[in-house]
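Here's the structure, in structure tokens; my notes come after.
Just so we're on the same page: letters track the sequence lines, and every chain starts at 1.
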Number of protein chains: 2
Amino acid sequence: MLRVSKLTDYATVVMACLAARGSDLASAQALADSARLEVPTVSKLLKQLAQAGLVVSTRGVNGGYRLARAPEGITIADIVIAIEGPIGMTECSVHSGTCGHEPHCGVRVNWRRINQAIAGALASVTLAEMSRPSARRSVSTPLRVASA
Amino acid sequence: MLRVSKLTDYATVVMACLAARGSDLASAQALADSARLEVPTVSKLLKQLAQAGLVVSTRGVNGGYRLARAPEGITIADIVIAIEGPIGMTECSVHSGTCGHEPHCGVRVNWRRINQAIAGALASVTLAEMSRPSARRSVSTPLRVASA
DNA sequence: CGAAACAGGACTGAAATAGTACTGTATCAG
DNA sequence: CTGATACAGTACTATTTCAGTCCTGTTTCG
């Protein structure tokens with residue numbers, strides 16, 4: 001099945017919990033409770049999200065995490081990229097030269113365009129929308145990507 | 001990285017080769033040569049594609065495969081689903097009840113909408129377009145999915 | 001009958017994923 | 001100053017999935 005990893009899924013849940021807490025600091029422990037996940041797992045995710053600049057951490061007693069910017073400014077694409085790395089449906093659409101079939105592969109260029117469409121779909125949904133279960137907004141994306 | 005499996009990638013190449021041959025029968029061997037892939041791999045893919053109804057097979061001497069319908073009527077989504085199964089970014093968006101977090105998970109509904117957007121993006125590109133490297137058409141999708 | 005070609009299933013090695021543990025460092029309370 | 005709390009970074013392991021291969025059976029044609 002074409003899907004994101006479980007960790008990416010968890011990351012969106014954790015980020016939604018953080019969004020719900022506004023600018024208050026939340027410890028990994030508290031977030032694990034909210035998200036009903038294991039502490040080590042949440043901790044690992046938060047570290048990756050911090051490195052990606054999506055959350056900021058405060059160390060020491062009464063430390064914790066908070067969002068680096070408003071939920072409206074964080075997209076699902078940001079979270080997916082933070083956990084999984086760059087979005088690319090095929091290997092050759094991210095790294096050239098690893099396939100060996102490229103010179104005579106007629107489908108490569110088209111995959112790149114599909115990649116952009118999917119990245120656009122993920123980038124069009126913000127964390128703020130994700131946190132609202134009953135969001136009425138339909139998913140419409142700026143999918144008019146440049147050819148080739 | 002968010003991506004389709006290699007086999008799915010190969011399947012699109014094999015399907016593009018079949019599209020190039022029109023309604024002529026092509027053996028697994030001949031397709032493997034065209035796609036520069038191993039025969040067993042291509043054979044395995046063709047079996048799955050046949051079960052999904054995308055190609056039809058003819059047994060016996062001078063047998064082989066051909067597309068089940070015109071390349072314009074086969075989409076990338078069809079191929080992805082044939083090889084990988086249903087498109088779903090998260091487990092819970094395909095199978096309900098396996099997560100345990102569903103009752104209090106605010107992001108589930110939103111993932112379903114993202115799924116539909118991505119499925120739409122994949123369904124908007126046909127095999128005919130995939131076979132044309134210089135296709136000028138931009139990827140635009142009917143992404144106005146129903147809310148929730 | 002025998003060769004060609006698809007059908008179906010089983011098997012294996014490699015790689016990615018998910019989860020866990022341990023050590024280190026920074027901050028604050030007392 | 002000392003200890004407790006909480007994040008940072010690294011390493012490890014078990015599980016699962018993926019990719020690839022092989023074998024046996026069935027169908028068709030010469």
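- Near DNA chain D, meaning a heavy atom under 4.0 Å from it, residues 45-58 of chain A has A:K47, A:Q51, A:S57, A:T58 in order of number.
- Contact annotation: A:S43 does not reach the phosphate of D:dA6 (side-chain N/O to OP1 or OP2, under 4.0 Å).
- As rounded to whole Å, 14 Å separates atom P of D:dC7 from atom CZ of A:R66.
- Residues A:Y65 and A:L37 share a single hydrophobic cluster, defined by chaining ILVMFWY side chains whose heavy atoms lie under 4.5 Å apart.
- Rounded to an integer number of Å, the gap from B:N62 CG to D:dT27 C1' is 13 Å.
- B:L37 has its CG atom 12 Å from the C1' atom of D:dA19, to the nearest Å.
- You'll find that the side chain of B:V61 is closest to C:dA3, out of D:dT5, C:dC6, C:dA3.
- Under a 3.5 Å cut-off, the side chain of B:Q48 and the backbone N or O of B:L45 do not form any donor-acceptor pair.
- Following rounding to the nearest Å, B:L7 (CG) and D:dT17 (P) show an atom-to-atom distance of 15 Å.
- What separates CD of B:E84 from P of D:dC18 is a distance of 8 Å, to the nearest Å.
- Residues A:L54 and A:I74 share a closest heavy-atom pair of O-CD1, 3.9 Å.
- The base of C:dT25 lies close enough to the side chain of A:R59 for a donor and an acceptor atom to sit less than 3.5 Å apart.
- Contact between B:E129 and A:N110 at its shortest, heavy atoms only, is O-OD1, 3.5 Å.
- Considering every non-hydrogen atom in both B:A123 and B:T75, the closest pair reads O-CG2, 3.2 Å.
- Listed pair A:Y10 / C:dG19 meets the phosphate criterion, a side-chain N or O lying under 4.0 Å from OP1 or OP2.
- Two residues are said to be in side-chain contact when any heavy atoms from C-beta on lie closer than 4.5 Å; B:V125 and B:M130 meet this criterion.
- Across all strands shown, A:E38 has heavy atoms under 4.0 Å from sugar-phosphate atoms exclusively, and none from any base.
- Using modelled atom types and a 3.5 Å distance limit, the side chains of A:T8 and A:E84 yield a donor-acceptor pair.
- The shortest distance between the side-chain N/O atoms of B:Y65 and the OP1/OP2 oxygens of C:dA7 is below 4.0 Å.
- Computed from coordinates, the A:K44 NZ to D:dC7 P distance equals 17 Å when rounded to whole Å.
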